[in-house]
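Below: one structure, written as structure tokens.
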Amino acid sequence: MSHAESHPSPLRIADAEVAAWLQREDRRQSNTLTLIASENHCSAAVREASSSRITDKYAEGYPNRRYYGGCEIADGIEELARQRAMQLFAGAEDANVQPHSGTTANLSALLALAGPNGRIVGMALKAGGHLSHGHDKSHTGMVFQARQYGVDGTGRIDLDDVRKLVKEHQPKVLIAGGSSYCRNIDYAAFAAIAREVGALLLADIAHPAGLMAAGVVPGPIGIADVVTMTTHKTLRGPRGGMILAKKDLAKAINSSVFPGSQGGPLVQQIAAKAVAFGEALQPGFRGYQQRVKENAAMLAERLLSQGLDLVTGGTDNHIVLVDLRKTDVTGAQVEERALAAGLSVNKNAVPGDPRPPMVTSGLRLGTAAVTTRGFGRDQILAVADVIVGLVRGGDVDRYRTTVQGLCEAFPLP
Ligand code: DSN
């Protein structure tokens with residue numbers, strides 16, 4: 001009898017059905033290699049904080065200015081998270097750790113900086129941007145006058161195109177950042193373009209936040225006026241968002257988060273963010289982020305050497321975007337085959353993709369989660385070979401055996 005069976009948890013006693021679903025998810029994650037670029041495995045300490053009793057507490061407002069009594073502990077936790085965030089992103093002048101997600105962070109920041117119906121410019125989703133950068137199906141495309149820039153024929157941002165669009169549209173906010181952009185962004189150049197029209201620069205670093213916190217890729221702190229991010233991707237924290245702002249913008253940003261866009265903050269998530277930031281301030285974090293980046297570079301190199309095309313021909317961060325247009329498979333088909341083999345990946349549009357979003361001609365891969373499991377060169381090369389085999393229609397059962405062996409040899413932390 002296992003320990004869990006002989007000591008059933010309160011959840012197992014109270015609700016066997018939900019407990020069983022969650023146990024299945026534990027098993028799924030254990031027996032799957034997560035290559036979804038926006039996912040990672042946070043620590044047990046982060047998970048413990050995230051499921052703590054403070055989930056019961058209402059704490060609308062900010063530390064020492066709450067609309068409810070009994071918030072002293074919430075104040076201490078939020079202030080600790082804020083201070084750690086500013087230590088981690090040295091040079092940040094203010095931190096708001098309340099956003100429930102990256103999208104909420106972006107919406108709040110944009111409303112503070114551009115105002116309703118204000119003009120914004122961001123990167124198009126299909127070029128590697130994000131829905132919340134002004135896509136017409138996102139509220140950011142509805143409540144703002146949004147225009148979007150794309151990428152050049154090689155998949156890279158063309159700063160001349162960005163400047164041209166910015167001059168034409170005269171936005172109040174220019175957004176730099178994306179969700180499938182695998183190259184470094186020249187934030188100083190973006191800031192210069194924004195300044196030419198009196199716009200503010202918002203850098204969305206949701207994906208590379210951890211790499212930037214560790215200093216292994218260049219970031220926008222001290223350059224962009226406002227920086228938004230999620231805390232659960234490369235940063236390896238709990239699910240949630242965060243905004244860093246220059247001091248003179250902090251008041252407007254804070255009011256835009258609460259009461260503008262959200263009610264009570266999720267204090268248990270803020271506690272978990274504090275734990276994750278504390279972990280990221282430990283010396284080992286830099287080495288982890290360095291390995292994430294090296295693993296992505298090795299993955300890219302192997303895929304290229306095996307004949308696959310990559311958007312931009314490689315990567316500077318944790319993302320590798322495979323362009324399947326010269327193969328006879330779609331992103332959706334490879335995603336399905338990969339899942340059968342035990343690899344969790346996502347289909348993704350490539351720039352200029354002729355296929356619809358639920359099909360696509362691309363596959364987005366990321367190395368943060370497998371690096372958390374301890375992957376290095378040999379494992380990355382093995383995974384790359386599985387991906388190439390899947391694209392070419394190889395034997396899925398054989399790949400499933402390889403993947404299962406890797407899962408067992410590199411268990412979840
Ligand atoms: N959905 C996230 C991603 O996968 O990149 C961004 O919000």
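One-based numbering along the sequence shown. Order of listing sets the numbers, starting from 1, for every ligand and every atom in it.
Among protein heavy atoms, atom 5 (O) of ligand 1 sits closest to His207 NE2, 2.7 Å.
In this structure, Glu39 has no heavy atom closer than 4.0 Å to ligand 1.
In this structure, Arg355 places its CZ atom where more than 12 heavy-atom neighbours from other residues, nucleotides or ligands lie under 6.0 Å away.
Ring centroid separation for the pair Phe258 and Tyr67 comes in under the 6.0 Å cut-off.
Protein non-hydrogen atoms do not reach within 4.0 Å of atom 1 (N) of ligand 1.
The side-chain contact (heavy atoms from CB on, under 4.5 Å) with Val334 is formed by just one residue from the set Leu363, Val345, Thr327, Leu343; it is Leu363.
For the residue pair Tyr62 and Asn96, a side-chain donor N or O sits within less than 3.5 Å of a side-chain acceptor on the partner. There is no side-chain donor-acceptor pair under 3.5 Å between Gln83 and Gln87.
Proximity to His130 (heavy-atom distance under 4.0 Å) selects the following atoms of ligand 1: 6 (C), 7 (O).
With a heavy-atom cut-off of 4.0 Å, Arg364 touches ligand 1 through its side chain alone.
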